[in-house]
Each structure stands twice: as structure tokens, then as C-alpha cells.
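Structure first, then comments.
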Amino acid sequence: MTPPKPADEPTITPAPVAAPAGVRPSRRAALLLAVWTVVVAGVSSGVTVAIVGGDDSGVAAAPESSPSIWQDTRTYPDDAQGREAEPSPSPTASGYAMGEKAKSGGVTVVVKKVRESATVAIDDFETTKTLKAGAGAKYVIVETTVYNDGAESFDPVCGGGISQGLIDAEGRTFDMIEDVYQVKENQKAKACLEDVQPGFRRDAFFVYKLPADARPIQWAFSGSRGGTEGDLAVVTIAGTASS
């Protein structure tokens, strides 16, 4: 006699038994079989594509990674309009030494001597007097011979003259004194108020007032009186004498 089955014993579901040959499967079984066939076919197709699409070694190439930001590596010609205009170089002055014939715009000048003095003699057409530089100052006199190699006459000292200033070691430029036309040497040489005609020459004295400790190193002049660029001539002063 078979003992009774306990009430709490789990029920074991028997494994499905394949339908015997010739037995038609149910609609549910047929549907599950169709889905499984599609899944298997898709996986097989993906594997085939991976193998066929690889390189000759049979290993599938990993996809190349592309940067998230595109960088423009092309080159372009310089944009002239976008750049700041470079400053044009300033005209270069012609340089000369004392004793040389310095030339500028139809004027040739030979600087013969440069001397320093605490006073200069002034001739006011009636009397001669002494003009003092004063405390902490001095006069520097540039003695020259001026040639007119141009086609027109000019006054070398007065009326603007040819002087473009006396330059010291600190780069400062000094103008001629106002009484230069009364300087005794200029009166004697007729360097002022009487033009030098073409083909002639005349001695001329250019006088400047400088601080006592200033050291003059250059004298500049222009045949166009500074009216033409690049017409500046500069004479280097080798040394000064005292008087």
C-alpha cells in the first residue's frame, strides 16, 4: 500500500516530452520556435559581417575615434588688413667728420673748429659789448666755411639759416641764440643779412647756449632749412677748445 503524500511536499512538474513523430505542435510552440530561429539567424549574420569586413589578417579593425572638436589645420596667406601698419623708418641723416665737406641740398659746409666760451662779443652796429652766458651756462661756437653749390642764393645764419641745432651727449638739441646776427665774427664775415650767391663761399659762426656740464657731440644742418625729408647732414664733433 502506498503511503499518503505529505501536504507540504513541493509538486514536481514533469519535463515536457517531445511530441512524437507525426504529431503536430501547438500554435504556441510553433511561435516560440519561429522567434528562436530569428534570434539565432541575427547573431550568425552579425558574426559573419564582422569576419568578412575585417582586414586581411582576419581580425576586425576597431573603429577610429574622432575628436569631439574639429581643429582647422589649413594654412592661409597673411591678412595684411588685419595687421598693424609698421612704422616707416625715419630718414637717415648723412654723417660727416670735422674738416670734411658735408653736403646737404646744394650747401656744402666745412666745420673747422668748435670752441666753448663764457662770453661772446656782440656788435650792435654802434658799440661792441660782451654777452655773458651766466652761472651754470656756456656758449659753444661752431666755426665754419659755407659754400653755395646750388642754383639759388641763401643766408647761412640769419633768417632761419641752415642750422638744425647743436646736439649734446644726452641727445638734447639746442637752437642758436637770438643775437647770433650781432656776433662780432658774423658781422665781420658778413654772414648775416647778405646772401651767399651760387658759386661763392663765406665764413659763418653758429653760436649756442648750453648748460655748463653739457658735452656737444654733433652739429646738424640742412640746405633746405629742414623743409625736405632726408636732407639732414650731421657733423660729428671730435672735441671742443676753450676761449
Side-chain angles (χ1 to χ4, degrees), residues 84-117 120 133 137-183 185-187 189-241 243:
E84 295 184 2
E86 297 181 357
S88 301
S90 58
T92 302
S94 300
Y96 301 91
M98 290 178 60
E100 291 183 343
K101 289 187 175 181
K103 298 180 179 294
S104 171
V107 177
T108 298
V109 179
V110 176
V111 176
K112 299 182 294 184
K113 184 179 180 180
V114 179
R115 56 187 172 89
E116 298 179 353
S117 177
V120 291
K138 65 183 176 183
Y139 290 115
V140 177
I141 301 97
V142 180
E143 300 182 9
T144 72
T145 297
V146 179
Y147 301 79
N148 187 346
D149 295 330
E152 299 179 357
S153 63
F154 64 88
D155 189 320
V157 178
C158 297
I162 62 174
S163 170
Q164 296 297 303
L166 185 67
I167 305 166
D168 74 352
E170 296 181 25
R172 299 176 295 185
T173 301
F174 299 88
D175 299 326
M176 287 189 300
I177 63 173
E178 293 182 1
D179 298 329
V180 67
Y181 70 98
Q182 292 182 332
V183 170
E185 290 90 344
N186 281 330
Q187 291 283 3
K190 297 182 179 180
C192 279
L193 306 179
E194 186 175 332
D195 291 353
V196 179
Q197 300 300 312
F200 288 85
R201 67 181 182 181
R202 190 171 299 167
D203 289 340
F205 298 78
F206 301 90
V207 183
Y208 308 85
K209 186 176 181 178
L210 278 65
D213 59 352
R215 182 169 62 89
I217 60 171
Q218 291 178 325
W219 178 71
F221 74 96
S222 170
S224 67
R225 298 187 178 186
T228 303
E229 285 189 342
D231 191 36
L232 188 68
V234 177
V235 178
T236 299
I237 298 172
T240 57
S243 62

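Since we're looking at a predicted model, the values are computed, not measured.
- Thr240 OG1 to Ile141 CD1: the interatomic distance, rounded to the nearest 0.5 Å, is 10.0 Å.
- Separation of atoms CD1 (Ile162) and CZ (Arg225) is listed at 9.0 Å; rounding is to 0.5 Å.
- Side-chain contact between Tyr96 and Val109: absent, with no pair of heavy atoms (C-beta onward) separated by less than 4.5 Å.
- In this structure, the side chain of Asp155 does not engage the main chain of Cys192 through any donor-acceptor pair within 3.5 Å.
- Smallest separation of non-hydrogen atoms from Ala212 and Lys138: O-NZ, 3.3 Å.
- In this structure, the separation between OG on Ser243 and NZ on Lys113 is 7.0 Å, given to the nearest 0.5 Å.
- With hydrogens and angles ignored, the 3.5 Å screen pairs no side-chain donor or acceptor of Ser117 with any backbone N or O of Val120.
- Ion pairing of Glu185 with Arg115 is present here, as a side-chain N (NZ or NE/NH1/NH2) and a carboxylate O approach within less than 4.0 Å.
- Leu166 is not listed as a side-chain neighbour of Phe206, based on a closest heavy-atom distance of 4.5 Å or more.
- Between the Asp195 side chain and the Ser153 main chain, no donor and acceptor come within less than 3.5 Å of each other.
- Between the side chains of Gln164 and Ser222, no donor N or O sits under 3.5 Å from an acceptor N or O.
- One finds the CD atom of Gln187 at 12.0 Å from the CZ atom of Phe205 (value rounded to the nearest 0.5 Å).
- Heavy atoms only, all atoms of each residue included: Ala220 and Val234 are closest at CB-CG2, 4.2 Å.
- For the residue pair Gly223 and Val107, the shortest heavy atom distance occurs at CA-CG2, 3.7 Å.
- Looking at Pro216 and Tyr208, their side chains never come closer than 4.5 Å, going by heavy atoms from C-beta outward.
- Proximity of Ile177 to Tyr139: side-chain heavy atoms (C-beta onward) are separated by under 4.5 Å at one or more points.
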Side chain to side chain contact (heavy atoms under 4.5 Å, CB included) assessment of Met98 paired with Val142: CA-CA 11 Å; Met98 290 178 60; Val142 180; over 6 Å; no
Could you please spell out the steps behind the side chain to side chain contact (heavy atoms under 4.5 Å, CB included) verdict for Val114 and Trp219? CA-CA 10 Å; Val114 179; Trp219 178 71; over 6 Å; no
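- At a threshold of 4.5 Å between non-hydrogen side-chain atoms, the residues Ile217 and Ile237 do not count as touching.
- When the shell of 6.0 Å around CZ of Arg215 is examined, it contains 12 or fewer heavy atoms from other residues, nucleotides or ligands.
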List the steps and the verdict of side chain to side chain donor-acceptor pair (under 3.5 Å) for Lys112 and Thr145. CA-CA 7 Å; Lys112 299 182 294 184; Thr145 297; 3.3 Å; yes
Mind running side chain to side chain contact (heavy atoms under 4.5 Å, CB included) on Val146 and Arg202 for me, showing each step along the way? CA-CA 5 Å; Val146 179; Arg202 190 171 299 167; 5.5 Å; no
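- The line from CG of Asp179 to CG of Asn186 is 11.5 Å long, rounded to the nearest 0.5 Å.
- Put simply, the side chain of Glu116 reaches to within 4.5 Å of the side chain of Val140, judged on heavy atoms.
- Checked by atom type and distance alone, the side chain of Asp203 never pairs as donor or acceptor with a backbone atom of Ala189 at under 3.5 Å.
- Under the 4.5 Å side-chain criterion, counting only non-hydrogen atoms from C-beta, Arg201 is not in contact with Val196.
- Contact of the Phe174 side chain with the Pro211 side chain is registered, since non-hydrogen atoms from C-beta on lie closer than 4.5 Å.
- Between the OG atom of Ser104 and the CG atom of Asp149 there is a distance of 11.0 Å, given to the nearest 0.5 Å.
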Decide side chain to side chain contact (heavy atoms under 4.5 Å, CB included) for Asn148 and Phe200; before the verdict, give the C-alpha distance in whole Å, the side-chain angles of both, and the deciding distance to 0.1 Å. CA-CA 6 Å; Asn148 187 346; Phe200 288 85; 5.6 Å; no
